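Here the structure is laid out as structure tokens; the discussion comes afterwards.
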Amino acid sequence: MAARELKDELMPQEEMAPPKPVPQVSPIQIFLDAANQTNLVDVILDDLSKAKDDRGKKEYGTTSKGEKLTFDKWYKALKDLYYGNRIAKDVPWKFCSNRSLRMSTAIIELLHARLFPAVWNEDSTRWRPGEETDTPKVERISKFMNWWIKVWSPHRSFFDSWVKNVAAFGDVLTETTWEVEERMTSEKNQVPVTDEQGQPLTNQDGSPAIQEEPRFERTEKTLSRIIAKDQWYMFEDARDEQKDTVVITEALPYKMLQDMESQGLLMNVTEKLRPLLNVPIPGEITDESERERMKDIKLRNTLVKVVRWYGHYDIDGTGYEDSIRIYIAEEQRIYLGGVRMKDVTKSGKRPLQITKYNHLIDKPDSIEGEGVLSQSRELSEEIDALFNQMSDANTLSVLRPGFYDPSGDVDAPVLNLAPNKLQPVTDPSHNVFFPTFDIPTERLINSIRLVLEFIERLTAASSYVFGRESEIVGGSGTATRTNAIMQSAETRFSIPAD
């Protein structure tokens with residue numbers, strides 16, 4: 001018996017592969033069987049398709065050539081208008097003037113500079129009780145929230161972008177989440193070493209056995225994100241983001257999904273989604289383990305189209321529809337997890353908020369609004385056209401095109417006119433001819449001024465509204481006159497601030 005034990009001890013032990021870590025699952029995660037997962041994925045994809053069709057039925061205007069604008073073309077046109085991107089043209093000639101004055105950009109920046117201090121100011125923010133029982137806590141809660149928004153979780157940068165997006169596009173969707181971050185610090189925690197029964201072990205000198213473990217610092221904050229207008233969808237008759245279905249589409253890297261699965265926020269990422277993702281692997285790699293290692297590397301930055309669905313669905317089959325949030329992989333049609341809203345927020349409301357800048361006159365109850373970019377698009381394009389015409393007219397007056405006799409002695413390719421430079425020509429009055437262009441640029445300048453007045457009346461972004469009177473010769477005059485202008489500007493912007 002002793003020989004057998006000695007033989008087993010001397011024989012080499014087979015190396016066992018380390019077990020793969022099992023992802024932890026959040027206790028609030030919604031678990032469904034395969035049939036219900038498939039059914040719910042089909043419902044979400046059908047809602048997404050219906051919402052896209054409803055968006056495609058809406059009218060977004062026409063182009064200068066009479067072409068009907070779709071949502072994608074309309075949204076791209078607004079972004080190009082803000083950034084000054086223009087399509088290259090060769091009419092009336094190649095390399096003609098094709099500049100953008102970015103008038104809409106200037107209007108947005110002016111309105112943003114005026115509206116932002118009125119919308120968000122940490123020193124002027126006040127907190128009111130939500131319930132009667134919160135009244136005695138107002139002072140303590142106010143102090144805590146002031147520290148939260150000023151020090152721990154600043155909101156200034158979010159509202160800076162939020163105000164600009166609302167004014168530019170007319171409506172914006174924001175989503176608020178609870179962000180948790182763990183960082184390894186340089187400090188160590190001393191943990192006693194125990195045996196299988198949990199009893200502490202000692203060293204040879206009798207001192208308790210201690211091992212050091214890294215210390216992690218946990219940071220928890222609120223995070224609000226602006227969802228781009230082309231990434232969220234609602235039905236045509238939608239009126240409320242808390243009651244109606246909201247579908248959000250995003251392209252997330254696989255490593256983010258894997259990290260969310262390790263935190264218990266998602267499921268089925270490694271087990272079901274990973275085998276369906278195809279990544280290019282060099283053909284010279286034939287070893288299976290090496291191919292799997294290379295696939296893990298390639299998958300890290302592979303984008304996956306993820307749909308985040310807020311809606312009502314009978315999860316338990318009780319006949320009552322719960323307000324839930326579901327994640328699915330759109331192209332792979334895989335259920336990635338979900339939670340009930342009552343497990344996310346105390347009130348059971350969705351962490352979503354839609355804000356409109358200006359109501360549509362024919363659809364005042366619609367979730368969509370009209371932004372300044374839409375209001376000023378036509379006039380901004382007209383100013384660009386007038387400026388380019390004026391620039392081209394000046395180019396023609398300075399560098400005039402001409403005609404020459406091909407049978408003469410004029411060498412046209414090397415002909416280069418410059419001040420105080422002469423070109424030898426036998427008979428210039430007959431061999432060379434430069435036509436005269438008389439273009440009244442004053443009319444174009446007056447047209448630009450007229451369009452600017454229209455824009456000022458449409459968007460209220462004028463010098464008078466902003467407390468200046470630069471259009472009038474002599475300036476603002478007296479101090480009383482200047483104060484009257486400032487009061488008028490404050491009155492004009494008191495409505496959106498309230």
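All values reported here derive from a predicted model rather than from experimental measurement.
- The local environment of NE2 in H359 is sparse, with at most 12 non-hydrogen atoms from other residues, nucleotides or ligands closer than 6.0 Å.
- Closest of all the heavy-atom pairs between E182 and R218 is OE2-NH1, 2.8 Å.
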Using distance only, find each side-chain donor-acceptor pair of residues 360-374 under 3.5 Å and give its atom names and separation, not counting sequence neighbours.
residue : atom : partner : partner atom : Å
S366    : OG   : E368    : N            : 3.2
E368    : OE2  : K58     : NZ           : 2.6

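- No side-chain donor-acceptor contact under 3.5 Å links S153 to the backbone of I149.
- The pair R377-D80 does not count as a salt bridge, with every side-chain nitrogen at least 4.0 angstrom from each carboxylate oxygen.
- Surrounding NZ of K188 are more than 12 heavy atoms belonging to other residues, nucleotides or ligands, all under 6.0 Å away.
- Using the six-membered ring where Trp is involved, W120 and F159 have ring planes that are parallel, under 30° apart on the 30 and 60° scheme.
- N39 and D42 share no side-chain donor-acceptor pair at under 3.5 Å.
- Within 6.0 Å of CD on Q204 lie no more than 12 heavy atoms contributed by other residues, nucleotides or ligands.
- When every heavy atom of E330 is checked against every heavy atom of L48, the shortest pair comes out as OE2-CD2, 3.7 Å.
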Candidate pair D296 and R274, rule salt bridge (charged side-chain N to carboxylate O under 4.0 Å, His left out), full reasoning = CA-CA 9 Å; D296 290 337; R274 184 182 181 280; 2.4 Å; yes
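- Counting heavy atoms of neighbouring residues, nucleotides and ligands inside a 6.0 Å radius, atom NZ of K305 does not exceed 12 of them.
- Remark: E292 does not engage K295 in a salt bridge, criterion side-chain N to carboxylate O under 4.0 Å.
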Trace of the side chain to side chain contact (heavy atoms under 4.5 Å, CB included) decision for K229 with F71 = CA-CA 10 Å; K229 192 176 179 65; F71 171 80; 4.1 Å; yes
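- Judged by distance alone, the side chain of D244 and the main-chain N or O of R239 form a donor-acceptor pair under 3.5 Å.
- Judged by distance alone, with hydrogens and angles left aside, the side-chain atoms of D314 form a donor-acceptor pair with the main-chain N or O of T318 at under 3.5 Å.
- Across I324, I326, I44, a single residue satisfies side chain to side chain contact (heavy atoms under 4.5 Å, CB included) together with Y313, and that is I324.
- With hydrogens and angles disregarded, a donor-acceptor distance shorter than 3.5 Å links the side chain of N146 to the backbone of S142.
- Of all heavy-atom pairs spanning E109 and Y82, the tightest one is OE2-OH, 2.7 Å.
- Between atom OG of residue S224 and atom CD of residue E175 there is a gap of 9.5 Å, rounded to the nearest 0.5 Å.
- The OH atom of Y83 sits 8.5 Å away from the CZ atom of R102 when rounded to the nearest 0.5 Å.
- With D195 contributing its side chain and Q199 its backbone, the two residues share a donor-acceptor pair below 3.5 Å.
- Closest of all the heavy-atom pairs between V138 and W127 is CG1-O, 4.1 Å.
- Within 6.0 Å of atom NZ in K89, more than 12 heavy atoms from other residues, nucleotides or ligands are found, so the atom counts as buried in its surroundings.
- Contact detail for M341 and K349: the closest heavy-atom pair is SD-O, 4.2 Å.
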Could you check T174 against I227 for side chain to side chain contact (heavy atoms under 4.5 Å, CB included), going step by step and ending with a plain yes or no?
-> CA-CA 6 Å; T174 58; I227 308 299; over 6 Å; no
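- Of the inter-residue distances, the one linking I383 atom CD1 with M103 atom CE reads 4.5 Å to the nearest 0.5 angstrom.
- For K50, the NZ atom counts as densely surrounded, since its 6.0 Å shell holds more than 12 non-hydrogen atoms of other residues, nucleotides or ligands.
- By the 4.0 Å N-to-carboxylate-O rule, K342 lies too far from D322 to be salt-bridged with it.
- By the ring-ring contact (aromatic ring centres under 6.0 Å, His included) test, F169 pairs with Y75, sequence neighbours left out.
- Stacking of R350 on the aromatic ring of Y310 is not recorded, the 6.0 Å distance cut-off and the 45° axial limit not both being met.
- Side-chain atoms of N98 come within 3.5 Å of backbone atoms of I87 as a donor-acceptor pair (strictly under, hydrogens ignored).
- Checked by atom type and distance alone, the side chain of N203 never pairs as donor or acceptor with a backbone atom of D205 at under 3.5 Å.
- Side-chain contact annotation: Q263 with D259, donor-acceptor N/O pair under 3.5 Å present.
- Atom NZ of K150 has more than 12 neighbouring heavy atoms from other residues, nucleotides or ligands inside a 6.0 Å radius.
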Go through L265 and E261 one step at a time and tell me if the side chain to side chain contact (heavy atoms under 4.5 Å, CB included) criterion holds.
-> CA-CA 5 Å; L265 304 177; E261 184 187 34; over 6 Å; no
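- The main-chain N or O of G338 is found under 3.5 Å from a side-chain atom of Q29 such that the two form a donor-acceptor pair.
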Evaluate the side chain to side chain contact (heavy atoms under 4.5 Å, CB included) criterion for residues I210 and V193: first the C-alpha distance (whole Å), next the side-chain angles of each, then the deciding distance (0.1 Å), finally the verdict.
-> CA-CA 6 Å; I210 301 296; V193 181; 6.0 Å; no
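- Side chain of H112 to main chain of D160: a donor-acceptor pair is present (N/O by atom type, distance under 3.5 Å, no hydrogens or angles).
- No more than 12 heavy atoms of other residues, nucleotides or ligands lie within 6.0 Å of CD in E59, so this atom counts as exposed by the packing criterion.
- For the pair N36/D33, a side-chain contact is recorded, criterion being any heavy-atom separation below 4.5 Å from C-beta on.
- A cation-pi arrangement is present between K221 and W152 under the rule of less than 6.0 angstrom and at most 45 degrees off the ring axis.
- Heavy-atom minimum distance, Y335 versus I328: CA-CG2, 4.3 Å.
- In this structure, CD on E181 lies 11.0 Å from CG on L223, to the nearest 0.5 angstrom.
- Looking at E212, Q211, R215 one by one, the single match for side-chain hydrogen bond (donor to acceptor under 3.5 Å, both in side chains) with N189 turns out to be R215.
- For the atom pair T176 OG1 and R225 CZ, the distance stands at 10.5 Å (nearest 0.5 Å).
- With values rounded to the nearest 0.5 angstrom, M234 atom CE is found 11.0 Å from D54 atom CG.
- For N165 (side chain) and D171 (main-chain N/O), no donor-acceptor pair under 3.5 Å exists by modelled atom type.
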Start with the C-alpha distance between R86 and D384, add both sets of side-chain angles, then the distance that settles salt bridge (charged side-chain N to carboxylate O under 4.0 Å, His left out), and finish with yes or no.
-> CA-CA 10 Å; R86 295 180 60 86; D384 293 342; 3.5 Å; yes
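- A side-chain donor from one of D287 and S289 sits under 3.5 Å from a side-chain acceptor of the other.
- When side chains are defined from C-beta on, L299 does not count as touching K255, because their heavy atoms never get closer than 4.5 Å.
- A cation-pi contact links K52 to Y233, judged by a cut-off of 6.0 Å to the six-membered ring centre and 45° from its axis.
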